[in-house]
Amino acid sequence: MMTFESCLLVFVCVYVRVIHKQKRRKSEAVVVTFFIHSRISAKLKKNENKDDERVRESERERERAREREQRESAKNQSKIIMAASASALKTFRSKLLPIEKYSFLRHLQSAEPLTLYRVLAANAMECLPFVYTPTVGEACEKYHVLPATKTSFGLFINKGDVGKVGAKLRKFIEEKDKEDVKVAVVTDGERILGLGDLGANGMGICEGKSMLYTVFGGVDPRKVMSVCIDVGTENEALRAHEEYRGLRENRIRGEMYDELVDEFMREMRMQKPSCLIQFEDFGNANAFRVLENHRRVQPCFNDDIQGTACVTLAALEAALREQKKALKDITVLFYGAGEAGVGIGELVVRALEKSGGLSHEEAKRRCFFMDSKGLVVKSRLHELQPHKIPFAHEYEPVKDLKTAITKLKPTALIGVSTIHNAFDKEVIETMSALNERPIIFPLSNPTSKAECTFEDAMKYSNDKVIFASGSPFPSVVRREDGVEIFPAQANNAYVFPAVGLASVVADCKEITDDHFLVAAETLASLASNDDIDRGYLFPDFTEIEDVTAKIAANVIEKMTKDGTGRMTQEELSEAKRDGFESFTRKRMWKPPPEVSHARL
């Protein structure tokens, strides 16, 4: 069957021939021909439109098919991810001993890192004790013999690297894909938790905290690195062990020590000037000096001094708010005068000056310290270490803790001594006699070093204690009403990942004490009075993503105001437009939703 177009063409041809034979005027033929051609063109255009519509519909159908395929693929990907995570969690839960759980998580970090981060993010409360304290303490003690730690994720630097630290650092960064590193957790292994000098085994604490920067802080794991500056160890048992991988000699000190640490810090400053350095578990003899030497020339902080201080100050502020008391109304007695205790004291003093309106000297008089020889007082200046001297008050010598409590009448008792059961029945009862709700914080880690348990603190205070510890303890049922009370954990993991994230996002050039004050104020504000009555001074770790985002956002805003942040004008405009919390959340790393076998 002929088409309409074909018929018209035949007609045109015949018509032209007839006109030509009859010798009609040429113009008439042109007019007729133009008319017929227009009809043909219109018809062809209509058909072309129909063809175009058929093509577009075909394309739309292909797009719908692609979308259905993508949705199906996403479902399958999700099933694979969920199955991998479920399998990993099941295996994790099947391990009976804490160190076995720790070892499994390390294996997962090596074999399936994205699965590890998904499992930890979804089960933070359950997994935290086996990534960090208390299990990480045992892991560090056994680091040299654990099969799971035979391959380290971090960089070891020792005295043989003097003059070559830069080359070694560059090689590590290249081999481990750390070109965009933003956070480095660094230890010299001298004071690991409350366990003493563990030398090169201290790498375990850095690797654990590096993991928390990702899981709790939302920092891309490729931007975090662990470093152990191995300068030997005084631990004779480790030096003698055939499997120990560190230097088998006494710890170097003095100029040689400073030369190695300074070279490392200088190379980090040159190669990665925006990288935040977190000093971790340095001994008292070096911790304060190393921090002071470097804190104003590159972004760095000491977690034992400043991180512990921040979370403890937050706990104090939350505890006082429940009692409708102000920070300026308190007296704090610290049992233990090492870097952690003095760090807390310094931040409390700073807070008392800023929010309480006290002078520096008045604020210091609210903080008293006891060391192994008794109360830190001016009559002992000749024997005190430099970091204790600012808190040596004009006061009579006191040898024992109970007498000190009776005389000083502290509002809060904070344990940073690593002496197990130092807060015994008499101590707790004395604090309870002086305070309607005694504040008692046994902060020493791990659990075996805690000054008291939550159960004892509740029992001997007649369930009135406001409690926070460094390591987790089980809940206790309050005798008065049968309500289950949960012990707060003054865990640095609430703070250092958020401060680190803030430093990364704001491109901070210096971490100041005021940044930690902002972090403490934010953290303290997140628990309600009802929460505190149930023992919760802080939100649960299941809410750690929200906690981190809120703390980091406020710290970032502070950094932009005090000039330590170096955000671009575009970033600053976005943060002000959308709000700093929204701005921060957008920059928190999460495991990608698709299956990936890429190494991290």
Side-chain angles (χ1 to χ4, degrees), residues 98 124-126 128-130 132-137 193-194 308 311-312 314-320 322-323 332-336 340-341 344 401 405 410-494 523-524 527-542:
M125 194 74 176
E126 179 180 355
L128 178 61
F130 309 103
Y132 190 38
T133 183
T135 309
V136 74
L193 300 173
T308 301
V311 74
T312 307
L316 281 172
E317 290 180 344
L320 291 168
E322 189 271 344
Q323 300 182 64
V332 184
L333 176 57
F334 295 88
Y335 190 64
I344 299 168
L401 178 57
I405 293 171
T411 317
L413 175 62
I414 297 178
V416 281
S417 66
T418 70
I419 299 176
H420 184 56
N421 283 337
F423 299 169
D424 58 17
K425 180 175 183 290
E426 282 190 308
V427 166
I428 296 169
E429 287 179 342
T430 304
M431 280 292 295
S432 302
L434 294 168
N435 300 279
E436 183 180 348
R437 296 210 66 186
I439 299 171
I440 299 177
F441 295 168
L443 300 182
S444 294
N445 284 319
T447 310
S448 61
K449 302 290 185 179
E451 287 79 9
C452 70
T453 65
F454 182 49
E455 181 180 8
D456 284 349
M458 288 286 283
K459 183 195 303 183
Y460 301 133
S461 70
N462 195 28
D463 294 344
K464 299 298 184 182
V465 69
I466 298 180
F467 181 95
S469 59
S471 289
F473 283 103
S475 61
V476 171
V477 175
R478 189 162 56 199
R479 287 164 289 183
E480 180 183 52
D481 54 12
V483 173
E484 188 176 12
I485 308 300
F486 296 86
Q489 189 180 354
N491 195 318
N492 294 19
Y494 281 111
L523 179 57
S528 68
N529 286 347
D530 288 340
D531 291 333
I532 296 170
D533 184 59
R534 295 285 306 281
Y536 295 110
L537 298 180
F538 311 121
D540 196 275
F541 271 110
T542 56

Open item on the list: Less than 4.0 angstrom from a charged side-chain N to a carboxylate O is my criterion; do Arg478 and Asp533 meet it?
Closed with: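 Salt bridge: yes.
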Starting at [atom1] of [X], measure out to [atom2] of [Y] and round the result to the nearest 0.5 Å.
{"X": "Asp481", "Y": "Asp463", "atom1": "CG", "atom2": "CG", "value": "8.5 Å"}
{"X": "Lys425", "Y": "Ser432", "atom1": "NZ", "atom2": "OG", "value": "10.5 Å"}
{"X": "Ile440", "Y": "Leu333", "atom1": "CD1", "atom2": "CG", "value": "11.0 Å"}
{"X": "Asn435", "Y": "Ser461", "atom1": "CG", "atom2": "OG", "value": "11.0 Å"}
{"X": "Ile466", "Y": "Thr411", "atom1": "CD1", "atom2": "OG1", "value": "11.0 Å"}
{"X": "Gln489", "Y": "Leu128", "atom1": "CD", "atom2": "CG", "value": "6.5 Å"}

Nearest atoms (heavy-atom pairs only) where [X] meets [Y]:
{"X": "Pro134", "Y": "Thr447", "value": "CB-OG1, 3.7 Å"}
{"X": "Pro474", "Y": "Phe454", "value": "O-CD2, 3.5 Å"}
{"X": "Leu401", "Y": "Ala422", "value": "CD2-O, 4.1 Å"}
{"X": "Leu523", "Y": "Pro539", "value": "CD1-CD, 4.3 Å"}
{"X": "Met125", "Y": "Asp540", "value": "SD-OD1, 3.3 Å"}
{"X": "Ser444", "Y": "Lys449", "value": "CB-O, 3.3 Å"}

Check whether any side-chain heavy atom of [X] sits under 4.5 Å from a side-chain heavy atom of [Y], and report yes or no.
{"X": "Tyr335", "Y": "Phe423", "result": "yes"}
{"X": "Leu193", "Y": "Thr418", "result": "no"}
{"X": "Leu537", "Y": "Ile532", "result": "yes"}
{"X": "Ile428", "Y": "Val465", "result": "no"}
{"X": "Phe473", "Y": "Glu455", "result": "no"}
{"X": "Val416", "Y": "Thr312", "result": "no"}
{"X": "Val427", "Y": "Ile405", "result": "yes"}
{"X": "Ser448", "Y": "His420", "result": "no"}

TODO: Give the intermediate values and the outcome of side-chain contact (heavy atoms from CB on, under 4.5 Å) for residues Leu443 and Ile414.
DONE: CA-CA 7 Å; Leu443 300 182; Ile414 297 178; 3.7 Å; yes
Task: Centroid separation Tyr494 to Phe541 less than 6.0 Å - done: yes
Task: Within the 6.0 Å centroid threshold, strictly below: Phe467 and Phe441 - done: no
- [ ] Could you tell me whether the side chains of Ser528 and Asp530 share a donor-acceptor contact shorter than 3.5 Å?
- [x]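 Checked: Ser528/Asp530 side chains show no N/O donor-acceptor pair below 3.5 Å.
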Open item on the list: Please tell me whether Ser417 and Glu451 have a donor and an acceptor in their side chains that are separated by less than 3.5 angstrom.
Closed with: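 Judged by distance alone, the side chains do pair up.
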Open item on the list: Between Asn491 and Ala493 (side chain of the first, backbone of the second, donor and acceptor by atom type, cut-off under 3.5 Å), is there such a pair?
Closed with: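 A pair under 3.5 Å: yes.
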Open item on the list: Is it true that, when you exclude Glu436 itself, more than 12 heavy atoms of the residues, nucleotides or ligands shown sit nearer than 6.0 Å to its CD?
Closed with: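 12 or below, so no.
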Task: Val136/Phe130 under side-chain contact (heavy atoms from CB on, under 4.5 Å): CA gap, chis, key distance, verdict - done: CA-CA 7 Å; Val136 74; Phe130 309 103; over 6 Å; no
Task: Full working for salt bridge (Lys or Arg N to Asp or Glu O under 4.0 Å) between Arg437 and Glu322 - done: CA-CA 10 Å; Arg437 296 210 66 186; Glu322 189 271 344; 3.2 Å; yes
Task: Glu484 vs Val476, side-chain contact (heavy atoms from CB on, under 4.5 Å): CA-CA, chis, key distance, verdict - done: CA-CA 6 Å; Glu484 188 176 12; Val476 171; over 6 Å; no
- [ ] Evaluate the criterion side-chain contact (heavy atoms from CB on, under 4.5 Å) for residue pair Thr308 and Ile344; output intermediate values, then yes/no.
- [x] CA-CA 7 Å; Thr308 301; Ile344 299 168; 3.9 Å; yes
